[in-house]
Q: 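Following this message is one structure expressed as structure tokens.
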Amino acid sequence: MSEAYRRAGVDVNAADGLVQRIGPAVTATWGDRVLGGFGGFAAGVRIPPGYANPVLMLSTDGVGTKLEIARQFDRYDSVGQDLVAMCADDLAAVGAEPIAFVDYLAVGELRPEREERIIQGVARACGLAGCALVGGETAEHPGVMSPDQVDLAGTALGVVEDGRALHAGLVEDGDRLIGVSSPNLRSNGFSLVRSIVEGIDLEQDFGGTPLLDVLLSPSVVYSRAAVEVARMAGVHGLVHVTGGGLPGNVPRLLPAGLGATIRRSTWHPPLIFEWLSRVGDLDDADLFGTFNMGIGFVAIVTPTAVDAVIERFVRHGHPAQLIGEVSPGSGVELAS
């Protein structure tokens, strides 16, 4: 390697070593559909069988400032799952099956053990989503990022049958809303969370678990269940509840002239949201307009499909319940 490059802060030898360390975790997500060898310049993935006119879809996202809490406590094991969930679940929300994933990791200084933990988390989550981790990039940015700083982003590739993608035009008056439970914050609203917990001991007990563990609990990956649900009769839409919460995301699936009523009494938000409300002096508009409040995914279905869709989510380990309905109007009304 160039000695001058090393003095400038980039350790190519360490980067090469990292590639070897992560190889088993990455290739474990591959099946016979992946084309190309590990460590090459690019890799490909065959489209699964069963599609007559496949349409490829892409989604890209990051982990956001949840990474800052992970950095402060050197707790990186779960952030890879957050990344995959944000991307794969966006694809699933339109009915696209995630088939491949690539990540981009930028660091101020290469620390192979840390990077290995992050990428192993990405690989584990790709297994949950049913997609192959086919490549990625780890970039060292000395002098631009502080030595312990990390940023993480990714892109997921999915496939859906032409004409079968879910969209707002399918939703009808009288459709029902099924809420799929999220036990935690997932990866949204952490700029507000960090402002609330600044100066607070995150190692304090929170119902038998350190508060830090609650905050860094990994995002649920809904994509396998959601893709199956998208193919069921009577399903008109799926909503991935991310930044902006239910009021900010459900309207993305509502046609002009239709609104949704969501009944808050139909589920109990995890206790972390009540704690954030109390400690951060947040009102309901702040809470519901920022966080998922315990609903990570929403299915919009015909009345006759409600029971079957709930059963399908439950079969995948995701508790779900009827939380509202579609009716003439606009936006989301949060009712008692």
Side-chain angles (χ1 to χ4, degrees), residues 59-73 75-94 98 103 118 121-122 125 128-129 150-156 177 179-198 202 206 211-223 226 238-253 262 264 267-277 279-280 282-299 318 323 332 334:
S59 176
T60 191
D61 209 336
V63 177
T65 63
K66 187 175 185 178
L67 273 170
E68 178 59 16
I69 297 177
R71 181 197 66 80
Q72 291 174 5
F73 292 89
R75 292 281 299 274
Y76 289 102
D77 293 335
S78 63
V79 294
Q81 182 163 325
D82 292 312
L83 178 66
V84 173
M86 293 303 105
C87 298
D89 288 352
D90 273 356
L91 288 176
V94 298
D103 63 75
I118 292 172
V122 174
L128 295 174
V150 173
D151 198 13
L152 182 62
T155 298
L177 272 63
V180 188
S181 296
S182 170
N184 54 39
L185 293 158
R186 303 190 81 223
S187 190
N188 305 110
F190 272 84
S191 292
L192 179 55
V193 170
R194 289 187 302 107
S195 72
I196 292 172
V197 303
E198 185 175 0
L202 298 188
F206 187 89
L211 177 58
L212 178 64
D213 289 358
V214 176
L215 297 179
L216 292 181
S217 181
S219 301
V220 174
V221 179
Y222 297 102
S223 57
L238 293 171
V239 179
H240 185 198
V241 183
T242 55
L246 290 163
N249 287 283
V250 171
R252 297 164 69 174
L253 264 290
I262 294 177
R264 296 168 48 181
W267 82 95
H268 299 289
L271 291 177
I272 186 61
F273 298 111
E274 187 279 329
W275 185 88
L276 288 168
S277 174
V279 176
L282 305 179
D283 60 20
D284 283 351
D286 292 324
L287 289 169
F288 279 88
T290 305
F291 304 114
N292 65 62
M293 296 302 291
I295 300 293
F297 227 85
V298 173
H318 307 309
I323 63 169
V332 169
L334 295 170

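Only heavy atoms go into these numbers, but all of them, side chains included; no hydrogens, no water, no symmetry mates.
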Q: Can you list the residues that meet the salt bridge (charged side-chain N to carboxylate O under 4.0 Å, His left out) rule with Asp103, with sequence neighbours excluded?
A: none
Q: Taking only residues two or more places apart in sequence or in another chain, which ones pass side-chain hydrogen bond (donor to acceptor under 3.5 Å, both in side chains) with Glu68?
A: Arg71, Gln72
Q: Among residues at least two apart in sequence or on other chains, which ones pass salt bridge (charged side-chain N to carboxylate O under 4.0 Å, His left out) with Asp77?
A: Arg117
Q: Taking side chain to side chain contact (heavy atoms under 4.5 Å, CB included) as the definition, give me every residue that meets it alongside Arg252, ordered by chain and number, with sequence neighbours left out.
A: Asn249
Q: According to side-chain hydrogen bond (donor to acceptor under 3.5 Å, both in side chains), who are the partners of Ser181, at least two apart in sequence or on a separate chain?
A: none
Q: If you define the side chain from C-beta out and look only at heavy atoms, does anything of Thr242 sit under 4.5 Å from Asp61?
A: no
Q: Mark yes or no for whether Arg186, through its side chain, and Val220, through its backbone, hold a donor-acceptor pair below 3.5 Å.
A: yes
Q: Which residues satisfy the ring pair (Phe, Tyr, Trp, His ring centres under 6.0 Å) test with Phe297, sequence neighbours excluded?
A: Tyr222, His240
Q: List the residues meeting side chain to side chain contact (heavy atoms under 4.5 Å, CB included) with Ala129, not counting sequence neighbours, and say none if there are none.
A: Val84, Ala88, Cys131, Val221, Ser223
Q: Taking side chain to side chain contact (heavy atoms under 4.5 Å, CB included) as the test, write out the residues that go with Thr155, two or more places apart.
A: Leu58, Thr60, Val102
Q: Can you list everything that forms a side-chain hydrogen bond (donor to acceptor under 3.5 Å, both in side chains) with Asn188? Sequence neighbours excluded, please.
A: none
Q: Is any side-chain heavy atom of Leu185 closer than 4.5 Å to a side-chain heavy atom of Phe273?
A: yes
Q: Listed by chain and number, what are the side chain to side chain contact (heavy atoms under 4.5 Å, CB included) partners of Ser187, not counting sequence neighbours?
A: Val63, Lys66, Asp82, Met86, Ser219
Q: Considering only heavy atoms from C-beta outward, does the side chain of Ile69 approach that of Leu212 to under 4.5 Å?
A: yes
Q: What's the separation between atom CG in Leu276 and atom CZ in Phe291, rounded to the nearest 0.5 Å?
A: 5.0 Å
Q: Run the side-chain hydrogen bond (donor to acceptor under 3.5 Å, both in side chains) test against Asp213 and tell me which residues pass, sequence neighbours left out.
A: Arg75
Q: What residues form a salt bridge (charged side-chain N to carboxylate O under 4.0 Å, His left out) with Arg264, not counting sequence neighbours?
A: Asp284
